[in-house]
Amino acid sequence: MKVTFKIQGTEKSVELNPGERLLKGIYKLGLDELGMGECGGNCVCCTCHVYVVEGADKFPPASEEEETMLDTAFNLQANSRLACQLVVQPDQEAVTVQVPE
Ligand code: FES
């Protein structure tokens, strides 16, 4: 399944399998070099904050833990999620996320 990250005016795409977290896409694309995914997916850093612009309906709702962490995010929006908490679903066709400025 194709996951596209829109970041700093560009788009970077990566293939992920069902069961894999979007955080893996961050690492595969080298976005961790820009400071994303600092806590390694432990839901304690918020550096994987993204806006889900396509495919959001397939993801389960955010857990209480994710919601609590998101409350500390800058520029929180209705479609804000933490990439480390988003697991690719078997019936998902594509996901596009925008990385906040
Ligand atoms: S990688 Fe730290 S909260 Fe997602």
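Keep in mind that this is a model prediction, so the values were computed, not measured. Ligands are counted one by one from 1 in listed order, and the atoms in each one are counted from 1 as well.
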Fill in: Spatial distance of atom CD (Glu101) from atom CG (Asn75) [nearest 0.5 Å]
9.5 Å
Worksheet entry | N/O donor-acceptor pair under 3.5 Å between Glu11 side chain and Thr4 backbone | no
Discussion item. Donor-acceptor check, side chain of Ser80 to backbone of Tyr51, threshold 3.5 angstrom: yes or no?
Written reply: no
Worksheet entry | Donor-acceptor pair, side chain of Lys58 and main chain of Ala94, under 3.5 angstrom | no
Worksheet item: Going by chain and residue number, what protein N/O/S atoms come nearer than 2.8 Å to atom 4 (Fe) of ligand 1?
Response: Cys48 SG, Cys84 SG
Practice prompt. Check the surroundings of atom NZ in Lys6: do more than 12 heavy atoms from other residues, nucleotides or ligands lie under 6.0 Å from it?
Written response: no
Discussion item. Test your reading of the model: is there a side-chain donor-acceptor pair from Gln92 to the backbone of Gly55, 3.5 Å cut-off?
Written reply: yes
